[in-house]
Novice: 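Please find one structure pasted underneath; my questions will follow.
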Amino acid sequence: MKYFDAHLGLPSPDLKGLDALLRHVDSQTSMVGGNLILNTEAEVELCFRHLDRLPPTLNTIPFFASTLEVPEPLRRGGWFKIHPRLRRFGPQHITEILDGLRTASLKPKGMMICCYPWGPDLRYNISLPLVLEIAKAFPEMPVLATHGGGYESWQFRAHAGMLRNVFFDFSATMAYYAGSDLLRPFQRYLLHSSDRILFGSDWPTANPEQQMAESVRLATEVSISSAELERMFLGTAERLWPEMFHPAVAE
(Lines give C-alpha, C1' and ligand atoms only; values in the text may rest on other atoms or scores of the structure.)
Protein backbone atom coordinates (compact mmCIF):
# COMPACT_ATOMS: atom_id res chain seq x y z
CA MET A 1 0.00 0.00 0.00
CA LYS A 2 1.16 3.49 -0.82
CA TYR A 3 0.83 5.91 2.06
CA PHE A 4 1.50 9.47 3.16
CA ASP A 5 2.87 9.51 6.71
CA ALA A 6 1.11 12.41 8.43
CA HIS A 7 3.28 12.16 11.53
CA LEU A 8 7.04 11.65 11.46
CA GLY A 9 9.55 12.80 14.08
CA LEU A 10 13.27 13.08 14.71
CA PRO A 11 14.87 10.50 17.02
CA SER A 12 17.07 13.29 18.41
CA PRO A 13 17.66 16.99 17.57
CA ASP A 14 21.14 16.44 16.15
CA LEU A 15 22.87 15.11 13.05
CA LYS A 16 22.56 11.53 14.29
CA GLY A 17 18.79 11.97 14.53
CA LEU A 18 18.57 13.61 11.11
CA ASP A 19 20.63 10.82 9.53
CA ALA A 20 18.33 8.22 11.08
CA LEU A 21 15.25 10.00 9.74
CA LEU A 22 16.68 10.20 6.22
CA ARG A 23 17.59 6.50 6.29
CA HIS A 24 14.05 5.70 7.39
CA VAL A 25 12.52 7.79 4.58
CA ASP A 26 14.78 6.11 2.02
CA SER A 27 13.79 2.67 3.29
CA GLN A 28 10.04 3.31 3.01
CA THR A 29 9.48 2.55 -0.67
CA SER A 30 5.68 2.74 -0.27
CA MET A 31 5.73 6.19 1.35
CA VAL A 32 4.85 8.96 -1.13
CA GLY A 33 5.59 11.74 1.38
CA GLY A 34 5.11 12.81 4.94
CA ASN A 35 5.01 15.49 7.60
CA LEU A 36 8.11 16.04 9.72
CA ILE A 37 6.98 17.42 13.08
CA LEU A 38 9.34 19.86 14.80
CA ASN A 39 8.23 20.03 18.43
CA THR A 40 11.13 22.04 19.86
CA GLU A 41 13.40 24.98 19.13
CA ALA A 42 16.36 22.59 18.79
CA GLU A 43 14.56 20.61 16.07
CA VAL A 44 13.67 23.80 14.19
CA GLU A 45 17.27 25.00 14.36
CA LEU A 46 18.66 21.64 13.21
CA CYS A 47 16.40 21.44 10.16
CA PHE A 48 17.00 25.05 9.20
CA ARG A 49 20.76 24.48 9.29
CA HIS A 50 20.40 21.41 7.07
CA LEU A 51 17.58 22.41 4.71
CA ASP A 52 19.54 21.10 1.76
CA ARG A 53 19.34 17.57 3.18
CA LEU A 54 15.57 17.48 3.61
CA PRO A 55 13.89 15.69 0.69
CA PRO A 56 11.06 17.54 -1.13
CA THR A 57 8.67 14.76 -0.10
CA LEU A 58 8.83 15.96 3.54
CA ASN A 59 6.63 18.80 4.73
CA THR A 60 7.92 20.42 7.92
CA ILE A 61 5.40 21.35 10.61
CA PRO A 62 6.99 23.42 13.40
CA PHE A 63 5.52 24.00 16.84
CA PHE A 64 3.22 27.00 17.23
CA ALA A 65 4.19 30.01 19.30
CA SER A 66 2.76 33.42 18.43
CA THR A 67 5.99 35.13 19.48
CA LEU A 68 8.37 32.80 17.59
CA GLU A 69 9.69 33.64 14.15
CA VAL A 70 10.03 30.27 12.44
CA PRO A 71 12.21 30.49 9.30
CA GLU A 72 10.02 30.72 6.22
CA PRO A 73 11.31 27.53 4.51
CA LEU A 74 10.15 25.50 7.52
CA ARG A 75 6.66 27.01 7.55
CA ARG A 76 5.92 27.17 3.85
CA GLY A 77 3.17 24.59 4.22
CA GLY A 78 1.36 26.83 6.71
CA TRP A 79 0.70 24.13 9.33
CA PHE A 80 1.77 24.25 12.97
CA LYS A 81 1.76 21.82 15.91
CA ILE A 82 0.83 22.23 19.56
CA HIS A 83 2.08 19.64 22.04
CA PRO A 84 0.47 20.63 25.38
CA ARG A 85 2.59 18.33 27.53
CA LEU A 86 5.92 19.31 25.98
CA ARG A 87 5.04 23.01 26.05
CA ARG A 88 3.56 22.70 29.55
CA PHE A 89 0.20 24.14 28.57
CA GLY A 90 -2.59 23.80 31.13
CA PRO A 91 -6.29 24.78 30.99
CA GLN A 92 -5.38 28.39 31.76
CA HIS A 93 -3.43 28.58 28.48
CA ILE A 94 -6.33 27.74 26.12
CA THR A 95 -7.57 31.33 25.87
CA GLU A 96 -3.99 32.52 25.38
CA ILE A 97 -3.49 30.01 22.55
CA LEU A 98 -6.73 31.10 20.84
CA ASP A 99 -5.71 34.74 21.11
CA GLY A 100 -2.29 33.85 19.71
CA LEU A 101 -3.87 32.15 16.71
CA ARG A 102 -6.08 35.17 16.07
CA THR A 103 -3.25 37.69 16.27
CA ALA A 104 -0.35 35.69 14.77
CA SER A 105 1.30 37.53 11.90
CA LEU A 106 1.29 34.27 9.94
CA LYS A 107 -2.22 32.84 9.87
CA PRO A 108 -2.00 29.04 10.08
CA LYS A 109 -3.55 27.00 7.29
CA GLY A 110 -3.97 24.10 9.69
CA MET A 111 -3.12 22.96 13.21
CA MET A 112 -1.97 19.65 14.62
CA ILE A 113 -2.65 19.00 18.30
CA CYS A 114 -0.89 16.21 20.18
CA CYS A 115 -3.70 14.11 21.64
CA TYR A 116 -1.94 11.36 23.52
CA PRO A 117 -2.39 11.72 27.29
CA TRP A 118 0.63 10.25 29.02
CA GLY A 119 2.58 10.52 32.24
CA PRO A 120 1.76 11.27 35.89
CA ASP A 121 1.15 15.03 35.53
CA LEU A 122 -2.48 15.59 34.53
CA ARG A 123 -2.18 19.38 34.50
CA TYR A 124 -1.26 19.32 30.83
CA ASN A 125 -3.96 16.89 29.69
CA ILE A 126 -5.91 19.56 27.79
CA SER A 127 -5.87 18.18 24.24
CA LEU A 128 -9.60 17.43 23.94
CA PRO A 129 -10.86 20.86 25.08
CA LEU A 130 -8.06 22.51 23.08
CA VAL A 131 -9.09 20.71 19.88
CA LEU A 132 -12.74 21.59 20.47
CA GLU A 133 -12.07 25.28 21.15
CA ILE A 134 -9.74 25.73 18.18
CA ALA A 135 -12.07 23.86 15.82
CA LYS A 136 -15.06 25.94 16.89
CA ALA A 137 -13.18 29.25 16.82
CA PHE A 138 -11.72 28.56 13.35
CA PRO A 139 -14.32 26.44 11.51
CA GLU A 140 -12.60 26.86 8.13
CA MET A 141 -9.22 25.65 9.42
CA PRO A 142 -8.47 21.90 9.57
CA VAL A 143 -7.43 20.63 12.99
CA LEU A 144 -5.64 17.30 13.16
CA ALA A 145 -6.13 15.44 16.45
CA THR A 146 -3.12 13.15 16.48
CA HIS A 147 -2.97 9.62 17.91
CA GLY A 148 -6.78 9.37 17.75
CA GLY A 149 -6.81 10.64 21.32
CA GLY A 150 -4.82 7.73 22.77
CA TYR A 151 -6.78 6.13 25.61
CA GLU A 152 -9.31 8.98 25.24
CA SER A 153 -10.17 7.87 21.69
CA TRP A 154 -13.84 7.26 22.55
CA GLN A 155 -14.10 10.72 24.12
CA PHE A 156 -12.65 12.31 21.01
CA ARG A 157 -15.14 10.38 18.91
CA ALA A 158 -18.01 11.52 21.15
CA HIS A 159 -17.08 15.20 21.38
CA ALA A 160 -15.03 16.04 18.27
CA GLY A 161 -16.33 13.49 15.77
CA MET A 162 -19.13 15.72 14.52
CA LEU A 163 -16.90 18.76 13.87
CA ARG A 164 -16.22 18.59 10.15
CA ASN A 165 -12.89 20.42 10.37
CA VAL A 166 -11.41 17.94 12.87
CA PHE A 167 -9.28 15.16 11.37
CA PHE A 168 -7.73 12.13 13.05
CA ASP A 169 -4.69 9.91 12.79
CA PHE A 170 -3.98 6.97 15.07
CA SER A 171 -0.19 7.25 15.09
CA ALA A 172 1.45 5.35 17.96
CA THR A 173 -2.00 4.44 19.37
CA MET A 174 -2.40 1.84 16.62
CA ALA A 175 0.71 0.09 17.95
CA TYR A 176 0.47 0.63 21.70
CA TYR A 177 -3.24 -0.24 22.00
CA ALA A 178 -3.32 -2.91 19.26
CA GLY A 179 -6.23 -5.31 19.66
CA SER A 180 -8.00 -3.17 22.27
CA ASP A 181 -11.42 -1.54 22.26
CA LEU A 182 -9.68 1.83 22.21
CA LEU A 183 -9.14 1.35 18.46
CA ARG A 184 -12.82 0.84 17.68
CA PRO A 185 -13.36 4.57 17.03
CA PHE A 186 -11.01 4.17 14.04
CA GLN A 187 -13.60 1.86 12.47
CA ARG A 188 -16.37 4.37 13.17
CA TYR A 189 -14.36 7.06 11.37
CA LEU A 190 -13.82 4.73 8.41
CA LEU A 191 -17.53 4.00 8.17
CA HIS A 192 -18.94 7.46 8.92
CA SER A 193 -16.15 10.03 8.46
CA SER A 194 -13.80 8.41 5.97
CA ASP A 195 -12.83 11.78 4.51
CA ARG A 196 -11.29 12.82 7.85
CA ILE A 197 -9.00 9.91 8.65
CA LEU A 198 -5.26 9.81 7.99
CA PHE A 199 -2.38 7.41 8.34
CA GLY A 200 0.41 8.50 10.68
CA SER A 201 3.15 6.48 12.29
CA ASP A 202 4.79 8.79 14.83
CA TRP A 203 8.07 7.17 13.79
CA PRO A 204 10.46 6.62 15.57
CA THR A 205 8.05 6.03 18.48
CA ALA A 206 6.23 3.37 16.50
CA ASN A 207 6.75 1.18 13.47
CA PRO A 208 4.77 2.18 10.35
CA GLU A 209 4.54 -1.39 9.01
CA GLN A 210 3.03 -2.64 12.28
CA GLN A 211 0.55 0.21 12.38
CA MET A 212 -0.45 -0.19 8.74
CA ALA A 213 -1.05 -3.90 9.35
CA GLU A 214 -3.31 -3.08 12.30
CA SER A 215 -5.13 -0.44 10.23
CA VAL A 216 -5.77 -2.97 7.47
CA ARG A 217 -6.95 -5.57 9.99
CA LEU A 218 -9.45 -3.15 11.52
CA ALA A 219 -10.64 -2.00 8.10
CA THR A 220 -11.14 -5.59 6.93
CA GLU A 221 -13.32 -6.28 9.98
CA VAL A 222 -15.80 -3.67 8.71
CA SER A 223 -15.58 -4.85 5.07
CA ILE A 224 -13.21 -2.15 3.81
CA SER A 225 -10.48 -3.49 1.55
CA SER A 226 -6.85 -2.43 1.71
CA ALA A 227 -7.30 -0.72 -1.69
CA GLU A 228 -10.24 1.29 -0.34
CA LEU A 229 -8.26 2.14 2.80
CA GLU A 230 -5.35 3.35 0.68
CA ARG A 231 -7.68 5.63 -1.29
CA MET A 232 -9.14 7.02 1.96
CA PHE A 233 -5.76 7.72 3.53
CA LEU A 234 -4.20 9.25 0.41
CA GLY A 235 -7.32 11.20 -0.56
CA THR A 236 -7.55 12.92 2.81
CA ALA A 237 -3.83 13.67 2.89
CA GLU A 238 -3.93 15.13 -0.62
CA ARG A 239 -6.75 17.50 0.32
CA LEU A 240 -4.85 18.74 3.36
CA TRP A 241 -1.38 18.96 1.78
CA PRO A 242 -1.93 19.12 -2.01
CA GLU A 243 1.49 20.61 -2.67
CA MET A 244 3.10 17.40 -1.41
CA PHE A 245 1.22 15.19 -3.86
CA HIS A 246 2.16 16.44 -7.27
CA PRO A 247 3.35 14.49 -9.10
CA ALA A 248 3.98 11.81 -6.43
CA VAL A 249 0.52 10.23 -6.26
CA ALA A 250 0.04 10.36 -10.02
CA GLU A 251 2.93 7.93 -10.57
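Heavy atoms only: backbone and side chains are in, while hydrogens, waters and symmetry mates are out. Worth saying up front: this structure is predicted, and the values here are computed from it rather than measured.
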Novice: So, D99 and R102, do they make that salt bridge, N to O below 4.0 Å?
Specialist: yes
Novice: Is it true that atom CZ of R49 has more than 12 heavy atoms of other residues, nucleotides or ligands lying nearer than 6.0 Å?
Specialist: yes
Novice: Parallel, tilted or perpendicular, judged at 30° and 60°: which one describes the rings of F186 and F233?
Specialist: tilted
Novice: Given the rule in the side-chain contact (heavy atoms from CB on, under 4.5 Å) test, do T60 and E43 qualify, once you have shown the distances and angles that lead to the verdict?
Specialist: CA-CA 11 Å; T60 52; E43 292 175 348; over 6 Å; no
Novice: So do the side chains of L36 and C47 get within less than 4.5 Å of each other, counting heavy atoms only?
Specialist: yes
Novice: Between W203 (side chain) and V25 (backbone), is there a donor-acceptor pair under 3.5 Å?
Specialist: no
Novice: Report the distance from atom CG of L144 to atom CZ of R196, rounding to the nearest 0.5 Å.
Specialist: 11.5 Å
Novice: Does the side chain of R87 reach to within under 4.5 Å of the side chain of Y124, using non-hydrogen atoms?
Specialist: no
Novice: Report the distance from atom CG of L38 to atom CD of E45, rounding to the nearest 0.5 Å.
Specialist: 12.0 Å
Novice: Give a yes or no on this: more than 12 heavy atoms of other residues, nucleotides or ligands lie within 6.0 Å of atom NZ of K16.
Specialist: no
Novice: Under a single-linkage definition using a 4.5 Å side-chain heavy-atom cutoff for Ile, Leu, Val, Met, Phe, Trp and Tyr, are I97 and L86 assigned to the same hydrophobic cluster?
Specialist: no
Novice: Check the pair E221, R217 against salt bridge (charged side-chain N to carboxylate O under 4.0 Å, His left out), reporting the backbone distance first and the verdict last.
Specialist: CA-CA 6 Å; E221 283 188 355; R217 183 187 71 80; 2.9 Å; yes
Novice: Less than 4.5 Å apart, any side-chain heavy atom of N35 and any of W79?
Specialist: no
Novice: When you measure from the side chain of D169 to the backbone of H147, do you find a donor-acceptor pair of N or O atoms at a distance under 3.5 Å?
Specialist: yes
Novice: Looking at F138, I'd like to know if its CZ atom is crowded, meaning that more than 12 non-hydrogen atoms belonging to other residues, nucleotides or ligands lie closer than 6.0 Å.
Specialist: yes
Novice: For M112 and A6, which heavy atoms make the closest approach, and how far apart are they?
Specialist: CE-O, 3.7 Å
Novice: Would a distance-only check, ignoring hydrogens and angles, find a side-chain to backbone donor-acceptor pair under 3.5 Å from R75 to V70?
Specialist: yes
Novice: Side-chain contact test, heavy atoms from C-beta onward, threshold under 4.5 Å: evaluate it for L54 versus L18 and give yes or no.
Specialist: yes
Novice: Under the side-chain contact (heavy atoms from CB on, under 4.5 Å) rule, what do R184 and L218 come out as? Steps first, then yes or no, please.
Specialist: CA-CA 8 Å; R184 295 300 174 191; L218 289 164; 4.1 Å; yes
Novice: Where does the angle between the aromatic ring planes of W118 and Y116 fall among parallel (under 30°), tilted (30 to 60°) and perpendicular (over 60°)?
Specialist: parallel
Novice: Regarding D5 and Q28, do their side chains bring together a donor and an acceptor under 3.5 Å, going by distance alone?
Specialist: no
Novice: Rounded to the nearest 0.5 Å, what separates atom OG in S201 from atom CE in M212?
Specialist: 9.5 Å
Novice: Is there a side-chain contact between F168 and C115 (heavy atoms, below 4.5 Å)?
Specialist: no
Novice: Heavy-atom distance under 4.5 Å between the side chains of L98 and I134, does that happen here?
Specialist: yes
Novice: Test your reading of the model: is there a side-chain donor-acceptor pair from E228 to the backbone of S225, 3.5 Å cut-off?
Specialist: yes
Novice: Output yes when K136 and E133 qualify as a salt bridge under the 4.0 Å nitrogen-oxygen rule, no when they do not.
Specialist: yes
Novice: Would you indicate whether the side-chain heavy atoms of Q211 and D202 approach each other to under 4.5 Å?
Specialist: no
Novice: Can you tell me how the ring of F4 sits relative to the ring of W241, calling it parallel under 30°, perpendicular over 60° and tilted otherwise?
Specialist: parallel
Novice: More than 12 non-hydrogen atoms from neighbouring residues, nucleotides or ligands closer than 6.0 Å to OH on Y176, yes or no?
Specialist: no
Novice: Does this structure show an ion pair linking D121 with R85, if we count only N-O contacts that are shorter than 4.0 Å?
Specialist: no
Novice: Under 4.5 Å between any side-chain heavy atoms of L101 and F64, yes or no?
Specialist: yes
